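From a predicted model like this one, the values you see are computed outputs, not experimental measurements. Here is how names work: the chains are called A, B, and so on, in the same order as the sequence lines, proteins then strands, and each is numbered from 1.
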There are 2 protein chains.
Amino acid sequence: MKKVTINSVAEYAGVSKKTVSRVLNNEPNVSPATREKVLKVFEELNYKPNPIARGLAQNRSFIIGCLYDNPSKSYITRVQSGALEACQKHSYNLLIHPCELRGQDLIDNVEQLLTTSRLDGIVLTPPFSDSKELIAFLKQRKIPYARVASAIEGDDSISIRSNDEQGAFELTEHLIKLGHTEIAFIKGHPDHSATENRFSGYQRAIAKHGIDFQPRLVAEGNFSYHSGADSAKAILDLDPRPTAVFASNDYMAAAVLKLATQREIKVPQQLSIAGFDNAPIARHIWPGLTTIAQPVEEMTRIAVEELIKHISQPQETPFQHVLEAKLITRESTQARSNS
Amino acid sequence: MKKVTINSVAEYAGVSKKTVSRVLNNEPNVSPATREKVLKVFEELNYKPNPIARGLAQNRSFIIGCLYDNPSKSYITRVQSGALEACQKHSYNLLIHPCELRGQDLIDNVEQLLTTSRLDGIVLTPPFSDSKELIAFLKQRKIPYARVASAIEGDDSISIRSNDEQGAFELTEHLIKLGHTEIAFIKGHPDHSATENRFSGYQRAIAKHGIDFQPRLVAEGNFSYHSGADSAKAILDLDPRPTAVFASNDYMAAAVLKLATQREIKVPQQLSIAGFDNAPIARHIWPGLTTIAQPVEEMTRIAVEELIKHISQPQETPFQHVLEAKLITRESTQARSNS
DNA sequence: CGACATTATGACACCGGTGTCAGACTGTAT
DNA sequence: ATACAGTCTGACACCGGTGTCATAATGTCG
């Protein structure tokens with residue numbers, strides 16, 4: 001199996017390299033006959049262009065980088081799966097790069113990544129989607145990027161998010177309609193914009209239904225299971241104890257459920273619990289968690305597709321889009337008991 | 001910020017490109033003085049070699065591919081994290097490529113991957129680590145590869161695994177020592193070699209303790225939560241019902257726990273449940289799952305490090321290694337009650 | 001001191017593509 | 001027939017490195 005290069009194709013077809021290149025890139029100004037002939041030789045020799053050589057000539061790598069720093073493994077998995085789908089469709093590859101937002105040398109780290117990998121573009125997932133420093137850096141370096149699940153408005157870059165505020169509003173309203181008025185809330189990581197949005201949705205819902213907002217019912221989390229466990233302790237120790245808990249993601253909700261079960265507080269009879277994200281764990285535990293399904297894969301897929309589109313021909317108008325979140329009810333929430 | 005290439009460095013330092021290249025690659029036969037001088041210019045101009053150009057000249061990409069087809073997201077996350085660690089250490093990048101083992105065109109798919117990405121090497125995770133077809137293909141194409149958690153012996157390639165058989169043996173023995181004799185077993189995916197190994201460990205332990213092997217207690221799973229739920233139903237419907245269940249991974253064990261809880265079978269008082277892997281879910285549910293901790297990250301990290309080592313200078317003797325698995329006891333198992 | 005091995009360096013082709021530009025070949029209007 | 005625009009094609013340099021080889025400089029030994 002000898003190597004098949006553009007030269008061998010050109011020779012075999014009796015045309016110049018450049019013409020072969022033109023056919024490869026679907027450039028105009030190639031006669032139909034020539035194009036046919038070359039395409040046939042592609043088949044015959046089973047020719048595949050070398051992406052590295054292409055990359056060198058065009059200063060591209062055909063690689064998209066995905067930056068993340070997220071305690072939720074399932075979120076990352078979903079992000080990857082959406083990004084991969086888009087990449088494969090357009091013959092790009094996906095390079096994953098976990099790193100820390102708080103690392104003092106975030107910029108250095110990304111700089112390093114860029115120089116060693118020559119990425120064609122970067123997908124920023126939370127909390128990077130909202131990092132002004134990083135965004136400024138990428139802009140200055142003229143690296144195309146797309147932001148997933150960010151709340152920053154008025155930016156002129158590609159951005160896809162889902163409606164966190166509305167989702168949280170609906171979920172809270174669901175709890176209220178079940179008769180709950182003392183609804184505890186566990187906030188997410190302060191660096192993620194979703195955290196504020198979800199909290200706003202919660203507040204809007206209780207306000208709409210004339211329920212007083214009680215700061216004592218709010219706990220600070222950071223999306224990790226561990227932080228959920230801490231918040232759970234604080235909340236379940238409250239007196240009077242709330243009848244429902246809304247955690248900003250399913251991991252933290254699972255932690256609440258675990259502690260409640262340990263303390264023999266019956267869920268949902270004595271305590272309703274709800275999460276956010278519709279992570280796998282929401283249906284892997286009993287009772288299953290009522291939650292908000294966020295289209296994470298789809299968001300990321302769209303973000304990467306737009307990014308790739310942007311790379312091949314920069315758009316004037318930035319693509320910005322908001323997807324809807326959807327309420328999923330399971331066994332962990334029920335009407336408040338009269339006890 | 002102008003582009004700094006090897007040419008500008010050479011010019012600035014007053015030497016030839018080739019000498020710069022020599023310094024870059026730590027080649028011998030460069031006088032200390034020259035080396036110093038060039039290194040200083042690197043600093044001064046902040047020069048970073050272009051990996052794409054390098055790749056073209058050396059026919060390398062500095063990218064390692066990771067193949068997987070695994071229903072357990074957390075397993076994949078752990079695999080990635082180990083692989084990433086090794087890659088970053090050696091300035092390689094990691095490209096992830098999920099695909100289906102059973103896909104009729106697995107080979108085509110990988111072929112495609114290789115031609116579009118020019119990977120320097122591939123890490124095979126289960127079930128690919130045991131795919132004879134794929135291994136034969138990679139061997140023929142002379143693509144370096146490393147196999148993670150495979151059971152095939154006598155192969156002359158890099159292979160790292162953990163001791164599944166021993167782990168399962170210890171866990172089973174733990175249950176036996178708690179007084180259980182009717183221990184149900186849920187098998188994993190038939191394509192994964194770990195499945196047979198874990199099953200053997202189970203059988204060896206009960207045999208050692210003079211317990212009769214009962215085929216009725218064995219259910220077929222495939223490592224997915226869903227398959228665990230099906231097996232759980234079969235097992236909990238048995239009469240007499242076993243007093244303990246050993247599932248081949250934690251997801252399936254979680255499914256057993258969920259069903260048991262739904263049916264108000266008390267765990268661990270009426271039923272002990274154990275899993276395998278020490279996945280996050282094992283400690284995110286109540287009661288926490290007794291399980292076997294497998295060093296997935298470490299296995300993968302070592303596999304990738306050896307792979308990279310092998311790429312830069314092929315070894316004569318293949319690196320093969322077995323890591324130990326460790327029993328972790330949590331609340332889901334306890335001594336059999338006398339009822 | 002001459003013969004020879006060793007070290008240090010650079011010129012140049014090459015990896016496998018793409019960009020630029022010039023020139024040949026069409027077709028159409030005058 | 002002539003001028004001119006538009007289409008098609010190839011020669012050649014170039015992307016930013018590395019491999020090969022020749023040659024210059026240095027060291028070693030009899």
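Between the side chain of B:Ser129 and the main chain of B:Val148, a donor-acceptor pair closer than 3.5 Å is present.
Identified under the side-chain hydrogen bond (donor to acceptor under 3.5 Å, both in side chains) test for residues 118-128 of chain A, with sequence neighbours left out: A:Ser61-A:Asp120.
Going from atom CZ of A:Arg22 over to atom P of D:dG10 covers 8 Å, rounded to whole Å. Whole-Å rounding puts the B:Lys17 NZ to D:dC21 C1' distance at 16 Å.
At least one side-chain nitrogen or oxygen of A:Thr34 sits closer than 4.0 Å to the OP1 or OP2 atom of D:dT9.
Between B:His192 and B:Phe223, the ring planes lie perpendicular to each other; the angle is over 60°, past the 30° to 60° tilted range.
Looking at heavy-atom distances under 4.0 Å, A:Asn25 makes contact with sugar-phosphate atoms alone, never a base. Within the nucleic acid shown, B:Asn29 comes within 4.0 Å of at least one base atom, counting heavy atoms only. At the heavy-atom level, A:Asn7 lies nowhere under 4.0 Å from the strands shown. Within the nucleic acid shown, B:Val15 comes within 4.0 Å of sugar-phosphate atoms alone, with no base atom in reach, counting heavy atoms only.
The neighbour count for A:Phe137 CZ, taken as heavy atoms of other residues, nucleotides or ligands under 6.0 Å away, is above 12.
When all heavy atoms of B:Leu24 and B:Pro49 are compared, the pair lying nearest together is CD2-CB, 3.8 Å.
Residues passing the salt bridge (Lys or Arg N to Asp or Glu O under 4.0 Å) test with B:Lys309 are B:Glu306, sequence neighbours excluded.
Taking every nucleotide of DNA chain C with any atom under 4.0 Å from a non-hydrogen atom of chain B, the first and last of them, 5' to 3', are C:dT7 to C:dG16.
Closest-nucleotide positions on DNA chain C for B:Thr19 and A:Glu27 were compared, and the one nearer the 5' end corresponds to B:Thr19.
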